[in-house]
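Structure first, then comments.
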Amino acid sequence: MVSSGLVCLLSLTACSTSSEAPKPAASPAIEEAFFDYTLEVGKARLLQRKCPELAMNFDGLMAELRSRPQLARSQARLSADSIDKGRLADAIDRFEKQNGLYRADKSAYCAFGKKQIAAKTRTGRLLQLRSK
């Protein structure tokens, strides 16, 4: 099982609360879009962390965010605190198991990540091969 601290690290979000003035609560549709975005980023981060040959692709991250205009337009409070970390951890575990990565070695993660990049999947577009 993925810990909530690792979920924050994988999803590129901070888990601390902010001292800013509270914003309006997000609608369920916006929260679901934020969860989906965080899950995609988390899957790519997992592959990148397990395989040193892979790096996050900034252009891919921005394109993925732009594909969810409801997040960019939302003035609602969206933070790691609004993510169901248990659900996210379960989804990442399921991703690993469905793709034969659960308890796999580094080479399996690298092979899978490279395959995702070549196939231009949503996860693959968030990754790139590290420059040498």
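By convention here, the first residue in the shown sequence is residue 1.
Taken from CG in L88 to CD1 in I83, the straight-line distance is 6.5 Å, to the nearest 0.5 Å. How far CZ of R87 is from CD1 of I92: 12.0 Å, rounded to the nearest 0.5 Å. To the nearest 0.5 Å, atoms CG (L127) and OG1 (T121) are separated by 8.0 Å. Going from atom CZ of F35 over to atom NZ of K85 covers 11.5 Å, rounded to the nearest 0.5 Å. The OG atom of S67 sits 11.0 Å away from the CE atom of M62 when rounded to the nearest 0.5 Å.
Between D93 and E96 the shortest side-chain heavy-atom distance falls below 4.5 Å.
Between the D36 side chain and the L39 main chain, no donor and acceptor come within less than 3.5 Å of each other.
Residue pairs satisfying the salt bridge (charged side-chain N to carboxylate O under 4.0 Å, His left out) criterion with at least one member in residues 113-125, sequence neighbours excluded, are listed as follows: E53-K114, E64-R122.
For R66 against D59, the heavy-atom pair with the smallest separation is NH2-O, 4.5 Å. Pairing each heavy atom of A104 with each of A108, the nearest pair is CB-CB, 3.6 Å.
The side chain to side chain contact (heavy atoms under 4.5 Å, CB included) with I117 is formed by just one residue from the set L54, T123, N57; it is L54.
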task = Apply ring pair (Phe, Tyr, Trp, His ring centres under 6.0 Å) to the pair F95 and F112, showing each step before the final yes or no.
result = CA-CA 12 Å; F95 167 76; F112 183 80; 5.7 Å; yes
task = Mind running side-chain contact (heavy atoms from CB on, under 4.5 Å) on E40 and R68 for me, showing each step along the way?
result = CA-CA 12 Å; E40 283 305 315; R68 301 170 188 326; 4.0 Å; yes
key: Verdict with reasoning, L47 to L126, per side-chain contact (heavy atoms from CB on, under 4.5 Å)   = CA-CA 10 Å; L47 294 170; L126 300 179; over 6 Å; no
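For the residue pair Q48/Y109, the side-chain donor-acceptor check at 3.5 Å is not satisfied.
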